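Each remark here refers to the structure printed beneath this line.
All values below were derived from every heavy atom in this structure, side-chain atoms included, with hydrogens, water molecules and symmetry-related copies excluded. Quick caveat, the model's predicted, so the values are computed rather than measured.
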Amino acid sequence: MTYDGFDTMPIAGQWRVGRLGETADDVDPWSDDVLVRLPLANADDADAAFRGAADAQPDWAATLPTERAEVFHRAARIMEDRRDEIVDWLIREAGGIRPRAEWEWTAVRAVLLESASYPTRAAGAILPAALIPGKENRVYKRPLGVVTVISPWNFPLQLSARSVAPALALGNAVVLKPASTTPITGGLLLAKILEEAGLPPGVLSVVIGPSRELGDVVVTHPLTRFVSFTGSTPVGEHIATTAPMTRRALELGGNGPLLILDDADLEAAVDAATFGSFFHQGQICMATNRVVVADAVYDEVVDRLTERVRALVTGDPKDPATQIGPIIDDDQLGHVLDLVERAEKDGADVRVRGERSGPAGRVLGPHLLLGTNDVATAAGEVFGPVATVIRARDDDDAVRIANDTEYGLSSAVFSRDVERAVRVGLRIDAGMTHVNDTTVNDEPNTAFGGEKGSGIGRFGGEWAIDEFTTDHWIGVQRTRRDYAI
């Protein structure tokens with residue numbers, strides 16, 4: 001048996017069509033085949049979703065922590081039972097090669113299992129009074145209520161589950177708006193899994209529709225207490241100004257630098273740079289956008305990296321041999337090509353220039369550029385199969401180059417001296433730095449997030465518990481108090 005009903009969405013406990021009066025075709029980016037034609041939701045649908053969530057949330061929050069935990073244990077078992085089906089959807093809808101789809105499956109299962117531990121880890125505190133005799137201070141950790149989750153298309157199932165699962169596990173209800181280009185893997189598939197696992201109706205709603213109709217509605221709805229958004233920096237900035245009094249976690253754009261110091265293991269560094277730049281066609285917020293190389297090893301790194309990049313295999317993501325599949329859609333493809341053209345005008349040397357291919361023309365071969373931090377492919381987030389190599393004089397210059405960006409998400413440093421690499425890493429303005437590893441890392445139990453234009457807040461582990469709960473101070477006066485008046 002396979003999941004079906006992907007032409008409807010769960011709104012306030014009922015799977016039904018959206019009422020915008022418009023439909024959207026969800027297409028396979030490799031073949032352009034229509035996977036589903038989905039009637040889209042409107043603002044009234046979103047309002048119904050929030051009201052249904054607010055109605056369902058108190059009973060869900062009152063459920064025993066172990067019962068809430070078991071929903072996520074069952075969901076993880078369903079993931080195992082339906083692994084092939086889920087991986088197939090990730091390949092067809094998101095255009096991911098099989099290893100990428102399988103990694104995403106693994107990451108989502110890990111998030112579900114991590115979230116299963118949250119109901120019994122959300123601990124409060126009892127604190128002594130500092131000023132008033134006979135007083136006891138209790139701090140209760142409580143769910144927020146209704147949470148809005150807005151997720152992107154590049155890792156749709158993982159980047160929805162990363163917020164939806166912790167929020168639900170901690171007793172919140174969720175209204176999820178996935179990207180319109182990946183409505184199934186970004187929303188409907190997760191809703192089916194959790195429904196099958198026993199999540200009560202109405203606790204999770206999924207609304208799919210154009211941002212012009214739903215974007216501000218799901219951010220500013222009076223019933224939402226928290227907005228979790230993963231996407232571009234401009235949209236994140238819009239959310240911050242549109243709903244300034246609503247708590248939020250924003251995981252935004254990146255421009256990941258991978259620093260190769262003069263004593264690095266060059267083979268390992270080049271492998272990591274190739275993976276970080278070209279895995280999932282570079283459509284990853286943590287992607288290695290810039291490879292910053294010490295002058296002493298620059299020429300050798302360029303030669304090694306050129307050889308590796310030229311050998312990458314492009315094609316159908318369903319083919320196990322494929323290493324680079326299609327860009328998600330024509331708009332994104334045009335954006336990537338425009339950045340490469342502008343970088344050339346800025347003086348970049350295109351060492352490897354990949355060709356377009358595939359039945360829909362969306363497969364773009366890898367591009368390797370040599371330039372400075374000022375060329376277009378280094379100055380901004382590419383989100384495509386493009387890497388720019390930049391020469392650095394020394395460690396200080398490498399750090400300067402790494403930090404000369406509005407972004408600060410993920411980074412990496414390669415050196416045979418681990419403590420040297422750590423010292424350099426601590427000087428990078430980023431939320432995450434990986435020593436002798438790629439910039440592309442995600443773990444469910446640690447602090448995932450960025451600095452500067454890459455966002456605010458952290459996902460994972462204790463940090464997720466803090467994000468999706470609120471602290472309520474209850475003061476208990478155990479003895480009669482004398483007041484000043």
Is the shortest side-chain N to carboxylate O distance from [X] to [Y] below 4.0 Å?
{"X": "Lys192", "Y": "Glu85", "answer": "no"}
{"X": "Asp32", "Y": "Arg362", "answer": "yes"}
{"X": "Asp7", "Y": "Arg37", "answer": "no"}
{"X": "Glu80", "Y": "Arg77", "answer": "no"}
{"X": "Asp295", "Y": "Arg393", "answer": "no"}

Does [X] use its side chain to pair, donor to acceptor, with the backbone of [Y] at less than 3.5 Å?
{"X": "Asp26", "Y": "Val34", "answer": "no"}
{"X": "Asp33", "Y": "Val27", "answer": "no"}
{"X": "Arg356", "Y": "Gly361", "answer": "yes"}
{"X": "Gln283", "Y": "Phe383", "answer": "no"}
{"X": "Arg92", "Y": "Leu90", "answer": "no"}
{"X": "Ser117", "Y": "Glu114", "answer": "yes"}

Side-chain donor-acceptor distances from residues 230-243 under 3.5 Å, at least two apart:
{"from": "Thr230", "atom 1": "OG1", "to": "Arg162", "atom 2": "NH2", "distance (Å)": "3.1"}
{"from": "Ser232", "atom 1": "OG", "to": "Val235", "atom 2": "N", "distance (Å)": "3.4"}
{"from": "Thr233", "atom 1": "OG1", "to": "Gly253", "atom 2": "N", "distance (Å)": "3.2"}
{"from": "Thr233", "atom 1": "OG1", "to": "Gly453", "atom 2": "O", "distance (Å)": "2.8"}
{"from": "His238", "atom 1": "NE2", "to": "Asp216", "atom 2": "OD1", "distance (Å)": "2.8"}
{"from": "His238", "atom 1": "NE2", "to": "Thr242", "atom 2": "OG1", "distance (Å)": "3.2"}
{"from": "Thr241", "atom 1": "OG1", "to": "Glu237", "atom 2": "O", "distance (Å)": "3.3"}
{"from": "Thr241", "atom 1": "OG1", "to": "His238", "atom 2": "O", "distance (Å)": "2.9"}
{"from": "Thr242", "atom 1": "OG1", "to": "His238", "atom 2": "O", "distance (Å)": "2.7"}

Taking the side chain as C-beta and beyond, is there a heavy-atom pair between [X] and [Y] under 4.5 Å?
{"X": "Arg290", "Y": "Leu258", "result": "no"}
{"X": "Asp316", "Y": "Val363", "result": "no"}
{"X": "Ile150", "Y": "Ser228", "result": "no"}
{"X": "Trp89", "Y": "Leu189", "result": "yes"}
{"X": "Leu144", "Y": "Thr469", "result": "no"}
{"X": "Pro10", "Y": "Ser205", "result": "no"}
{"X": "Ser160", "Y": "Leu176", "result": "yes"}
{"X": "Leu159", "Y": "Asn154", "result": "yes"}

### Query
Is it true that atom CD of Glu307 has more than 12 heavy atoms of other residues, nucleotides or ligands lying nearer than 6.0 Å?
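No - once you tally the heavy atoms of other residues, nucleotides and ligands closer than 6.0 Å, there are 12 at most.
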
Return the set of residues passing side chain to side chain donor-acceptor pair (under 3.5 Å) with [X] (not counting sequence neighbours), or none when no residue passes.
{"X": "Thr439", "value": "Thr288"}
{"X": "Arg342", "value": "Asp338"}
{"X": "Arg427", "value": "Asp396"}
{"X": "Arg225", "value": "none"}

### Message
Are Phe468 and Trp463, when compared by the centres of their aromatic rings, separated by less than 6.0 Å?
### Response
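No; Trp463 has its ring centre 6.0 Å or more from that of Phe468.
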
### Task
Applying salt bridge (charged side-chain N to carboxylate O under 4.0 Å, His left out), name anything that partners Asp394, two or more places apart in sequence or on another chain.
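Partners of Asp394 under the salt bridge (charged side-chain N to carboxylate O under 4.0 Å, His left out) test: none.
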
Quick check for you: to the nearest 0.5 Å, what is the distance between [X] atom [atom1] and [Y] atom [atom2]?
{"X": "Ile456", "Y": "Phe229", "atom1": "CD1", "atom2": "CZ", "answer": "12.0 Å"}
{"X": "Thr433", "Y": "Asp437", "atom1": "OG1", "atom2": "CG", "answer": "12.0 Å"}
{"X": "Phe278", "Y": "Thr314", "atom1": "CZ", "atom2": "OG1", "answer": "12.5 Å"}
{"X": "Ile193", "Y": "Leu112", "atom1": "CD1", "atom2": "CG", "answer": "7.5 Å"}
{"X": "Ser411", "Y": "Asn255", "atom1": "OG", "atom2": "CG", "answer": "11.0 Å"}
{"X": "Leu368", "Y": "Thr388", "atom1": "CG", "atom2": "OG1", "answer": "8.0 Å"}

When the side chains of residues 345-354 are checked against the rest of the protein, which donor-acceptor pairs come out under 3.5 Å, sequence neighbours left out?
{"from": "Asp346", "atom 1": "OD2", "to": "Ala376", "atom 2": "N", "distance (Å)": "3.0"}
{"from": "Arg353", "atom 1": "NH1", "to": "Glu344", "atom 2": "OE2", "distance (Å)": "3.1"}
{"from": "Arg353", "atom 1": "NH2", "to": "Glu344", "atom 2": "OE1", "distance (Å)": "2.9"}

Please report the closest heavy-atom contact between [X] and [Y], naming both atoms and the distance.
{"X": "Asn172", "Y": "Val203", "value": "O-CG1, 3.9 Å"}
{"X": "Leu20", "Y": "Ala41", "value": "CB-O, 3.7 Å"}
{"X": "Ile327", "Y": "Leu333", "value": "CG2-N, 3.6 Å"}
{"X": "Pro359", "Y": "Ser31", "value": "CG-CA, 4.0 Å"}
{"X": "Pro183", "Y": "Ile208", "value": "CB-CD1, 3.6 Å"}

### Query
Pairs in or reaching into residues 443-455: which pass side chain to side chain donor-acceptor pair (under 3.5 Å), with residues at least two apart or in two chains?
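For residues 443-455, and leaving out neighbouring residues, the side chain to side chain donor-acceptor pair (under 3.5 Å) pairs sorted by first residue read Glu451-Arg458.
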
### Query
Going by the side chain to side chain donor-acceptor pair (under 3.5 Å) test, which pairs reach into residues 256-272, not counting sequence neighbours?
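Sorted result for residues 256-272: Asp262-Arg420, Asp263-Ser415, Asp263-Arg420, Asp271-Arg308.
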
### Task
Apply side chain to side chain donor-acceptor pair (under 3.5 Å) to the pair Thr182 and Glu93, showing each step before the final yes or no.
CA-CA 6 Å; Thr182 50; Glu93 187 181 49; 5.1 Å; no

### Query
Do Glu381 and Asn289 pass the side chain to side chain donor-acceptor pair (under 3.5 Å) test, and can you show the C-alpha distance, the side-chain angles, and the key distance before you say yes or no?
CA-CA 7 Å; Glu381 183 178 38; Asn289 219 51; over 6 Å; no

#### Entry: Counterpart residues, side-chain contact (heavy atoms from CB on, under 4.5 Å), relative to Ala269 (two or more places apart)
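Once residues adjacent in sequence are excluded, the partners of Ala269 under the side-chain contact (heavy atoms from CB on, under 4.5 Å) criterion are Ile260, Phe414.
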
### Message
Taking side-chain contact (heavy atoms from CB on, under 4.5 Å) as the definition, give me every residue that meets it alongside Tyr298, ordered by chain and number, with sequence neighbours left out.
### Response
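If we apply the side-chain contact (heavy atoms from CB on, under 4.5 Å) test to Tyr298, skipping adjacent residues, the hits are Val293, Val302, Leu370, Val389, Arg391.
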
#### Entry: For His280, ring pair (Phe, Tyr, Trp, His ring centres under 6.0 Å) partners two or more places apart
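Checked His280 against ring pair (Phe, Tyr, Trp, His ring centres under 6.0 Å); matches are Phe155.
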
### Message
Does the structure place the NZ or CZ of Arg100 under 6.0 Å from the centre of the six-membered ring of Trp103, at an angle of no more than 45° from the ring's axis?
### Response
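The answer is no, since Arg100 fails at least one limit relative to Trp103.
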
### Task
Test salt bridge (Lys or Arg N to Asp or Glu O under 4.0 Å) on Arg304 and Glu300 and set out the steps.
CA-CA 6 Å; Arg304 286 173 178 257; Glu300 184 174 355; 3.1 Å; yes

### Query
After noting the C-alpha distance and the side-chain angles of Arg82 and Glu196, does the key distance pass the salt bridge (Lys or Arg N to Asp or Glu O under 4.0 Å) rule?
CA-CA 12 Å; Arg82 296 184 177 275; Glu196 187 177 343; 3.2 Å; yes

